[in-house]
Chemist: 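Structure provided below as structure tokens; questions to follow.
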Number of protein chains: 2
Amino acid sequence: MEWTIQELAARAGITSRTLRHYDRVGLLAPSRVGPNGYRYYDPTAVARLQRILLMRRLGMGLSAIAEVLADEVDTCDGLRAHIGELEEERDRIERQIRSVRHTLEALRSGAEPRMDVMLAGFNDRYKDEVVSRWGERAFQVSNDWWHGKTLDQQQAWKQAAEDLVAAWVTAAKAEVSPTSEHAQSLAARHVRWLSQIPGTPTAEGDRERSIEMVKCLGDMYVDDPRFAGMYDDAAGATFVRDALHVYARTRM
Amino acid sequence: MEWTIQELAARAGITSRTLRHYDRVGLLAPSRVGPNGYRYYDPTAVARLQRILLMRRLGMGLSAIAEVLADEVDTCDGLRAHIGELEEERDRIERQIRSVRHTLEALRSGAEPRMDVMLAGFNDRYKDEVVSRWGERAFQVSNDWWHGKTLDQQQAWKQAAEDLVAAWVTAAKAEVSPTSEHAQSLAARHVRWLSQIPGTPTAEGDRERSIEMVKCLGDMYVDDPRFAGMYDDAAGATFVRDALHVYARTRM
DNA sequence: GTTTGACCTTGACGCTGCGTCAACTTCTAG
DNA sequence: CTAGAAGTTGACGCAGCGTCAAGGTCAAAC
């Protein structure tokens with residue numbers, strides 16, 4: 001079976017010009033060229049084109065695609081690498097979906113983006129508050145850390161926080177006890193999450209002040225109006241606070 | 001809070017040149033321009049940039065992005081549309097992953113791609129066989145139909161077939177009876193799938209020959225070596241054959 | 001046999017979305 | 001005050017095609 005340039009273009013959803021371009025740059029030569037100069041493509045060429053279009057969709061340059069196709073001694077390796085790329089791309093999109101979805105909800109409820117609040121303690125918008133409570137250096141270091149991250153990294157971090165909040169809400173709804181193993185493991189995760197922020201007591205291994213900070217944070221979840229609704233309702237916030245207090249007292 | 005052009009570029013993973021370009025084409029103006037001509041960006045600008053980069057990743061042109069951002073009277077609508085786009089993109093990638101994964105497996109096992117076999121009855125590679133069994137016209141019509149589809153459409157169709165096979169294998173493993181409601185609904189789905197191919201008896205409503213064809217196909221799954229392993233093992237193929245036979249006898 | 005119209009060819013120029021100097025100014029730190 | 005890092009505005013370049021232009025080829029109709 002063979003196809004003319006137009007037939008192949010139509011089937012692939014591209015133009016004949018693109019195929020001629022690929023021929024010229026040596027990316028995809030027709031399987032046969034008629035004595036009249038006409039280009040004809042066979043199924044092998046079609047398969048190659050499919051791979052090319054796949055990679056192009058991922059934003060790869062034509063030269064990069066050519067390299068991949070050339071270096072590909074083992075087709076299996078190429079495909080495996082390809083699956084990896086696709087999975088990464090999917091995960092990235094998945095995260096973006098959740099992020100946008102969250103932004104949408106926040107917008108609808110008229111609230112500020114939750115995570116801006118979550119970062120309240122270490123966001124420059126709350127500088128005075130932080131400085132008075134944890135000192136100038138804690139503010140500086142944590143602030144620099146945050147602004148040193150790329151948007152992608154920030155988003156990933158926020159996503160981790162989102163997941164944590166979601167886990168808390170689920171646990172609270174399940175009406176288990178704040179002292180239960182599950183709740184305590186969530187608290188541990190919460191503290192680990194906090195300790196990623198440099199400059200804070202938990203990150204610096206200052207046990208006394210870490211305990212104080214975790215308890216303070218728990219109280220804020222309940223009392224501070226800026227956190228209102230973050231853990232769904234008052235019961236949720238209370239659950240988180242209790243769990244954090246217990247964890248601070250017994251396991252830190 | 002404000003950032004200089006370099007700070008923002010670093011955080012967004014782009015270059016300052018890109019930001020200047022966006023300014024020039026009116027896509028993203030800095031929130032403030034100093035008396036020295038320096039550009040400064042505030043969080044609002046950052047949010048807008050995030051949306052721009054998001055859409056750009058989806059392959060949109062800058063002018064198209066500008067239009068979207070301009071037409072967006074309601075931010076919520078824009079975000080919702082955006083989620084839709086992202087979900088579609090994710091699904092597309094998901095399908096590609098499955099497709100590539102399948103190709104890989106087929107390659108590893110040394111077998112031909114399964115779907116080439118699945119199409120055996122109506123693939124030009126098996127022309128003689130088809131013609132002798134279902135007539136010249138059935139071959140012609142179905143073949144034209146298949147080659148008239150775009151690569152994307154072909155892939156979607158193959159994916160549907162993959163899903164069908166997977167459902168069959170699952171059902172076979174569950175050791176339900178071929179006469180069970182579930183197996184029979186799968187058989188119905190199988191026939192509907194077949195009837196999408198123009199020129200075949202099932203597509204043309206020829207009841208007698210449709211029954212014959214479904215039974216014949218079932219037999220081939222078991223007997224024809226080209227289908228070996230498609231339904232995992234002999235037991236799987238037998239299960240499918242039995243279910244199809246029962247369906248053909250009692251419900252067609 | 002010729003004509004018509006669809007499809008093929010090779011240039012060649014244009015457009016988008018930046019990368020990359022160049023030439024110059026401005027801010028920051030010692 | 002001076003070095004160096006970072007800012008500015010052009011201006012040119014490059015990839016990946018779209019889009020004529022100026023023709024050859026083919027299948028079918030007349």
Side-chain angles (χ1 to χ4, degrees), chain A residues 2-42 45 48-70 140 144 147-148 151, chain B residues 2-42 45-46 48-70 144 147-148 151:
Chain A
E2 249 182 9
W3 298 277
T4 68
I5 196 167
Q6 291 263 26
E7 287 166 356
L8 178 55
R11 296 209 310 130
I14 57 179
T15 69
S16 58
R17 173 65 229 263
T18 303
L19 286 171
R20 264 178 232 117
H21 186 63
Y22 289 173
D23 185 10
R24 159 155 289 185
V25 300
L27 188 56
L28 177 68
S31 53
R32 186 172 74 83
V33 177
N36 45 15
Y38 281 27
R39 293 173 174 83
Y40 298 98
Y41 297 85
D42 67 5
R48 191 178 165 95
L49 176 59
Q50 243 170 339
R51 290 222 53 203
I52 291 171
L53 296 181
L54 230 75
M55 288 194 267
R56 204 188 53 172
R57 257 190 187 146
L58 293 179
M60 290 177 63
L62 296 191
S63 56
I65 294 176
E67 261 182 63
V68 169
L69 289 177
Q140 271 307 332
D144 290 350
H147 290 119
L151 286 180
Chain B
E2 254 181 5
W3 297 277
T4 67
I5 195 166
Q6 292 262 27
E7 287 166 356
L8 178 56
R11 297 208 309 131
I14 57 178
T15 69
S16 58
R17 172 65 228 261
T18 302
L19 287 171
R20 263 178 233 119
H21 185 63
Y22 289 173
D23 186 9
R24 158 155 289 184
V25 301
L27 188 56
L28 177 68
S31 54
R32 185 172 74 85
V33 177
N36 45 14
Y38 280 29
R39 295 171 173 83
Y40 298 98
Y41 297 85
D42 67 4
V46 175
R48 191 178 167 95
L49 176 58
Q50 243 170 340
R51 289 222 54 203
I52 291 170
L53 296 181
L54 231 76
M55 287 194 267
R56 203 188 53 173
R57 259 189 185 145
L58 292 179
M60 289 176 64
L62 296 192
S63 56
I65 295 176
E67 261 182 62
V68 169
L69 289 177
D144 290 352
H147 290 119
L151 287 180

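Since the model is a prediction, treat every value here as computed from it, not as a measurement. By convention in this document, chain letters (A, B, ...) are assigned in the order of the sequence lines, proteins followed by strands, and residues within each chain are numbered from 1.
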Chemist: Can you measure from CZ (B:Arg17) to CZ (B:Arg24) and round to the nearest 0.5 angstrom?
Modeler: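 That separation rounds to 7.5 Å.
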
Chemist: So does B:Ser16 get a side-chain nitrogen or oxygen closer than 4.0 Å to the phosphate oxygens (OP1/OP2) of D:dA6?
Modeler: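 Result: no.
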
Chemist: Is B:Thr15 close enough to C:dG19 that one of its side-chain N or O atoms is under 4.0 Å from OP1 or OP2 there?
Modeler: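 Answer is yes, contact under 4.0 Å.
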
Chemist: Whole angstroms only, please: what is the CG-C1' distance between B:Leu62 and C:dC18?
Modeler: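 Spelled out: CG on B:Leu62 to C1' on C:dC18 is 9 Å.
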
Chemist: Output all residues satisfying side-chain hydrogen bond (donor to acceptor under 3.5 Å, both in side chains) with B:Thr18, sequence neighbours left out; order by chain, then residue number.
Modeler: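 Expected list: B:Thr15.
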
Chemist: Sequence neighbours left out, what passes side-chain hydrogen bond (donor to acceptor under 3.5 Å, both in side chains) with B:Arg48? Give chain and number order.
Modeler: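 With sequence neighbours excluded, B:Arg48 shows a side-chain hydrogen bond (donor to acceptor under 3.5 Å, both in side chains) to no residue whatsoever.
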
Chemist: Over how many whole Å does the gap from A:Ile14 atom CD1 to D:dG16 atom C1' extend?
Modeler: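 Answer to the nearest Å: 12 Å.
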
Chemist: I need the CD1-P distance between B:Ile52 and C:dC18, as an integer number of Å.
Modeler: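 Distance check: B:Ile52 CD1 to C:dC18 P gives 10 Å.
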
Chemist: Just to be sure I understand the geometry, which residues of residues 17-26 of chain B put a non-hydrogen atom under 4.0 Å away from DNA chain C?
Modeler: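 Contacts with DNA chain C under 4.0 Å: B:Arg17, B:Thr18, B:His21, B:Tyr22.
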
Chemist: Would you indicate whether the side-chain heavy atoms of A:Arg11 and A:Glu7 approach each other to under 4.5 Å?
Modeler: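 Not touching, per the 4.5 Å side-chain cut-off.
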
Chemist: Starting from C1' on D:dC17, measure out to CG on A:Leu53 and report it in whole angstrom.
Modeler: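 Spelled out: CG on A:Leu53 to C1' on D:dC17 is 13 Å.
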
Chemist: Do the non-hydrogen side-chain atoms of B:Arg56 and B:Ile14 ever get within less than 4.5 Å of each other?
Modeler: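 Yes, side chains in contact.
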
Chemist: I'd like to check the salt bridge (charged side-chain N to carboxylate O under 4.0 Å, His left out) partners of A:Arg39; sequence neighbours left out, ordered by chain and number.
Modeler: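 Residues passing salt bridge (charged side-chain N to carboxylate O under 4.0 Å, His left out) with A:Arg39: A:Asp23.
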
Chemist: What I'd like to find out is whether the side chain of A:Tyr41 reaches to under 4.5 Å of the side chain of A:Leu49, using heavy atoms alone.
Modeler: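 In short, these two side chains do not touch, never coming nearer than 4.5 Å.
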
Chemist: Which residue, B:Thr4 or A:Met60, contacts DNA chain D at a nucleotide closer to its 5' end, judged by nearest heavy atom?
Modeler: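 Result: B:Thr4.
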
Chemist: Looking at DNA chain C, which of residues 27-41 of chain A put a heavy atom within less than 4.0 Å of it?
Modeler: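 Contacts with DNA chain C under 4.0 Å: A:Gly37, A:Tyr38, A:Arg39.
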
Chemist: Just distance, no hydrogens or angles: give the donor-acceptor pairs under 3.5 Å from side chains in residues 26-34 of chain B, sequence neighbours left out.
Modeler:
from    : atom 1 : to      : atom 2 : distance (Å)
B:Ser31 : OG     : B:Tyr40 : O      : 3.0
B:Ser31 : OG     : B:Asp42 : N      : 3.0
B:Arg32 : NE     : B:Glu2  : OE2    : 2.7
B:Arg32 : NH2    : B:Glu2  : OE1    : 3.1

Chemist: Let me know, please, whether A:Glu7 or B:Ser63 comes out on the 5' side of the other along DNA chain C by nearest nucleotide.
Modeler: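 Closest to the 5' end, via its nearest nucleotide, is A:Glu7.
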
Chemist: Under 3.5 Å, which donor-acceptor pairs link side chains of residues 58-70 of chain A to any protein atom two or more places apart or in another chain?
Modeler:
none

